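All of these numbers come straight from a predicted model, not from anything done at the bench. Atoms within a ligand are numbered from 1 in the order they appear, just like the ligands themselves.
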Amino acid sequence: MSLDQTYDPAAFRMDGQRVLELLTEHLESCAERGLDVLPVISPAALLEELQAPFPARPDSSEPQSEILVAQLRRLLAHSNHLHHPGYIGHQISVPIPAAALVELTNALLSNGMAVFEMGQIQTVMERRVVEFLCSAVGYGEDSGGVLTHGGSLGNFTALLAARQAQAGHDVWTEGQREPMAVLVSEQAHYCIARSVQAMGWGAQGAWPVATDDQFRLDPSDLPRALEAAWAAGRRVIAVVGSACSTATGSFDPLIEIADFCRAHHLWFHVDGAHGASLAMSAKYKDRLSGIERADSVVWDLHKMLGLPALNTAVLFREERRSYEAFAQEASYLFESTSPEEQWFNLGQRTMECTKRGMAVTAYCMFQLLGTAWFGEHIDRLMELTCVLEGMIEAAEDFEIACPGQANILCFRHRPRGVGDGRELDNHQARLRRELVESGEFYIVQARLRGEAWLRVTMMNPMTTREDLGRLLGSLRRLANG
Ligand SMILES: *Cc1c(COP(=O)(O)O)cnc(C)c1O
């Protein structure tokens, strides 16, 4: 294929029609439960399948569209099928199909967004989306923030800003003078520990706070944890609350943490990667009470909001803090006015230089569906979780690890005749493996206080009550077989 043909709009139309047809058929077979949720294959077998070397020149007798479709068919066959109603595994959203079309447009435009002139409307859309998200969590007029690629990078960004604000000197320029720490529950996502270790604080940089019987940070343990970190020579700069935690979906007590942070002049960061979306549900937003007092919040739009991955907001109660995360200059990019005057040069405030137009997807979906749609979407996911919890409570052979607080539930099968300890753990592991291999459902597992549990996250609004009944039935069948 010649260069001219590759960029020919007519070729794009032909390819596009074929690809759209293919993806539509894919969505149909997902809805009909006509394929495996997760087609299980070994890494070695897959490597073998993709062994053929890249052609120097593809077979010119075959039309371009055919080659493209053949490759994408193979991709679809070996991917996790998130639109299958049996997808109740990880926390990645089931993308709104229209959002994928926005992403396609975004990819075609590929405006980079580090500086205003490389992504003008994208930048202003980002500001509007961030303003909306800030007001949803209850922030006032001085708030602001940025979008970044994923909750892990988002938490790192917020903690960098916290360090600069709390260090007592210009730590960005001068480097760190003393070991620091953040107080965080042992249920927090591992990216918190990774962030502080990347800042050079070592394993004790994430100083553990005890949790209660529902896996929430226990605020009565905060004074002890603070004293202990001080005694170990740590400068404690922040408390991180999870809203909610990853394994069990537990909401840390944000109001109590906010009070503690105020009393001790600590930064209060909320990792709301998963649960901050509840701010858009009139019914469930109470679970986030206190989040409006956080200095910073991370919110993944690619979890409960149905946007394709990755798409994450880092929000600051005081927008000026967001300039402190990366307080360096890049004079070839940015003009030398004060940073606050340059809200439109987003690259000052993110790890990324070139950045995907994430806000475009959020902006277009908020316009297309209206903000109330997102509240209803969240309510549906939460209610499906309640339905499953009710079924488990009513069953004699299943038990939950703790009451569901979000759309995440940990439970296990505990039939008569299976002993405690390792035998029970192995039983869960076998059930999960065989269930996933059956192709009917995708669920995951979690270790809680040393024990193995099955774990589901209701991400798919197409999952039904009947599906959930079948889930328990299939687990029982596998247990007997
Ligand atoms: C998912 C999750 C993260 C990580 O976010 P990514 O977007 O996967 O990087 C961080 N914290 C919590 C609480 C999460 O649930």
Participant: So which protein heavy atom does atom 11 (N) of ligand 1 come closest to, and at what separation?
Facilitator: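 It is D271 OD2, 2.6 Å.
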Participant: Salt bridge check, R380 against E383: does any charged N sit closer than 4.0 Å to a carboxylate O?
Facilitator: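 Salt bridge flag = no for R380 with E383.
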Participant: Just go through I192, D300, V240 and tell me whose heavy atom is the nearest to atom 5 (O) of ligand 1.
Facilitator: D300
Participant: How about F374 and F366: are their ring centroids closer than 6.0 Å?
Facilitator: yes
Participant: Flag the pair E324 and R321 as a salt bridge only when some basic side-chain nitrogen lies within less than 4.0 angstrom of an acidic carboxylate oxygen.
Facilitator: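 Result for this pair is yes, salt bridge flagged.
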Participant: With a 4.5 Å cut-off on side-chain heavy atoms, are W201 and P179 touching?
Facilitator: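 No; the side chains remain at least 4.5 Å from each other.
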Participant: Look only at interatomic distance and state if G151 has a nitrogen or oxygen under 3.5 Å from any nitrogen or oxygen of ligand 1.
Facilitator: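 Indeed, backbone or side chain, G151 has an N or O that close.
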Participant: With heavy-atom distances below 4.0 Å as the criterion, list the atoms of ligand 1 near C244.
Facilitator: 13 (C)
Participant: Of the options D212, V184, L222, which is the one that meets L217 in a side chain to side chain contact (heavy atoms under 4.5 Å, CB included)?
Facilitator: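 For L217, the side chain to side chain contact (heavy atoms under 4.5 Å, CB included) check succeeds only for L222.
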Participant: Parallel, tilted or perpendicular: which describes the rings of H413 and F398, with under 30° parallel and over 60° perpendicular?
Facilitator: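 The rings of H413 and F398 sit tilted, inter-plane angle from 30° to 60°.
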Participant: Heavy atoms, side chains only, cut-off 4.5 Å: are F132 and M280 in contact?
Facilitator: yes
Participant: Atom 10 (C) of ligand 1: which of H302, H189, H274 has the nearest heavy atom?
Facilitator: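 It is H189 whose heavy atom sits nearest to atom 10 (C) of ligand 1.
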Participant: With heavy atoms of K303 as the reference, note each atom of ligand 1 found under 4.0 Å away.
Facilitator: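 Within the 4.0 Å cut-off of K303, ligand 1 contributes 1 (C), 2 (C), 3 (C), 4 (C), 5 (O), 14 (C), 15 (O).
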Participant: Go through ligand 1 atom by atom and flag the ones less than 4.0 Å from a non-hydrogen atom of Q91.
Facilitator: 15 (O)
Participant: Considering both backbone and side-chain atoms of S245, is one of its nitrogen or oxygen atoms within less than 3.5 Å of a nitrogen or oxygen in ligand 1?
Facilitator: no
Participant: Checking contacts here: is it the side chain or the backbone of A273 that comes within 4.0 Å of ligand 1, counting heavy atoms only? Could be both or neither.
Facilitator: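 Answer for A273: side chain.
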Participant: Kindly indicate whether the side chain of M351, heavy atoms from C-beta on, has any atom under 4.5 Å from the side chain of H149.
Facilitator: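 No, their side chains stay 4.5 Å or more apart.
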Participant: Under 4.0 Å, heavy-atom basis, I'd like to know which part of S242 is in contact with ligand 1: side chain, backbone, both or neither.
Facilitator: neither
Participant: Short list, please: which atoms of ligand 1 are under 4.0 Å from a heavy atom of G150?
Facilitator: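 Near G150, meaning under 4.0 Å from one of its heavy atoms, ligand 1 has 7 (O), 9 (O).
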